[in-house]
Asker: 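Below you'll find the structure I mean.
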There are 2 protein chains.
Amino acid sequence: MPTRDAAQLGQNPAPTYDAYLSTCPARQLVDRISDKWVTLVLPALADGPQRYSDLARRIDGVSQKMLTQTLRTLERDGLLTRHVTPSVPVRVDYELTPLGLSLMPLIASIKSWAETHMDEVSAARDDYDSDSSR
Amino acid sequence: MPTRDAAQLGQNPAPTYDAYLSTCPARQLVDRISDKWVTLVLPALADGPQRYSDLARRIDGVSQKMLTQTLRTLERDGLLTRHVTPSVPVRVDYELTPLGLSLMPLIASIKSWAETHMDEVSAARDDYDSDSSR
DNA sequence: CGGTATCCTGGGAGATACTG
DNA sequence: CAGTATCTCCCAGGATACCG
């Protein structure tokens, strides 16, 4: 059967791609999405389309360059779309595609984990740093 | 310890930390774990303790420096432990802590997503690049 | 408003050599 | 085997200025 039965399972068997291999395209994709700004941009689009300025304001400290660059890359990879409203001044909205929507919750869980377990990580760092026998 | 009622829900309410804020410690933590090598190292430890050389072999293309650096950081953050067996030659095993074990599946899902959706991303890129009106 | 274009610098990261 | 130490280079990414 040529249909993908495995797709119904949460855990897919080894596909044609393997990120452990340095030459595999998936390795480069892992590199792209395992990115600080991606981890902030995707969850920021969870509640529907957002204007460029909204994203810039929400994601504190991001430079225009990095925000634009990140959005362009995500657009090229098919994770979000860019809608330009030719008003004056111009208005640009970004929205997750179905593909982006499939990745977003996974990324959001990482961000959420960081926020939830920050205290434990801090404690571990203090513990590590205070051990003189290291 | 204070009782965490919100912990039972999959979606926690805004905690004390907010990665959207550039000054928040969670922002820095997001930066640390949204990392190419972390995304490969954590899933590599999913099946129990692994030797340094096993990790190096499995994660194709990683340099000694980056592997060691990544492992040290993860150890300091309390995500894994380092066990030294003083044999000759020395043997070092790395193992996920409960904290690391709580993050690992989330990271593994990102890696898995990259492998599963590589074709769609490739198609999107071709589509984007072939659009001359861009 | 939502971008480019350009310059510039820190440090991320590979290569290499050495060691307990 | 599992690292550390050093050197070096490259480019990610911030700052700044300008534009449709």
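Below, chain A is the first sequence line, B the second, and so on; all start at residue 1.
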Asker: Report yes if a side-chain nitrogen or oxygen of A:R51 is closer than 4.0 Å to either non-bridging phosphate oxygen (OP1 or OP2) of C:dC1; otherwise report no.
Answerer: no
Asker: Quick one: pull up CG in B:L74 and CH2 in B:W37 and give me the separation to the nearest 0.5 Å.
Answerer: 13.5 Å
Asker: Donor-acceptor check, side chain of B:T97 to backbone of B:L79, threshold 3.5 angstrom: yes or no?
Answerer: yes
Asker: Can you name the nearest heavy-atom pair linking A:A44 to A:L55, along with the distance?
Answerer: CB-CD2, 3.8 Å
Asker: Output the residues of residues 35-48 of chain A in contact with DNA chain D, where contact means a heavy atom of the residue under 4.0 Å from an atom of the strand; sort by number or write none.
Answerer: A:W37
Asker: Listed in order of residue number, which residues of residues 54-72 of chain B have a non-hydrogen atom at under 4.0 Å from DNA chain D?
Answerer: B:Q64, B:T68, B:R72
Asker: Tell me whether A:V38 shares a hydrophobic cluster with B:V30, the cluster being built from Ile, Leu, Val, Met, Phe, Trp, Tyr side chains joined at under 4.5 Å.
Answerer: no
Asker: B:D93 has an atom CG; how far is it from atom C1' of D:dC1, in whole Å?
Answerer: 12 Å
Asker: Is there side-chain contact between B:K111 and A:Y20, with at least one heavy-atom pair below 4.5 Å?
Answerer: yes
Asker: Distance check: side-chain N/O of B:Y94 vs OP1/OP2 of D:dG3, anything under 4.0 Å?
Answerer: yes
Asker: Looking at D:dA2, I'd like to know if its phosphate oxygens (OP1 or OP2) sit under 4.0 Å from a side-chain N or O belonging to B:R82.
Answerer: no
Asker: Select one nucleotide: of D:dC1, C:dG3, D:dA2, the one nearest the side-chain heavy atoms of B:P89.
Answerer: D:dC1
Asker: Quickly work out the A:Q50 CD to C:dC1 C1' distance and round it to whole Å.
Answerer: 16 Å
Asker: When you compare the side chains of B:T85 and B:H83, does any donor N or O come within less than 3.5 Å of an acceptor on the partner?
Answerer: no
Asker: Taking the side chain from A:S102 and the backbone from A:L99, do they hold a donor-acceptor pair closer than 3.5 Å?
Answerer: yes
Asker: Looking just at side-chain N and O atoms, do B:Y17 and A:T116 make a donor-acceptor pair shorter than 3.5 Å?
Answerer: no
Asker: Report the distance from atom NE2 of A:H83 to atom P of C:dG2, rounded to the nearest whole Å.
Answerer: 14 Å
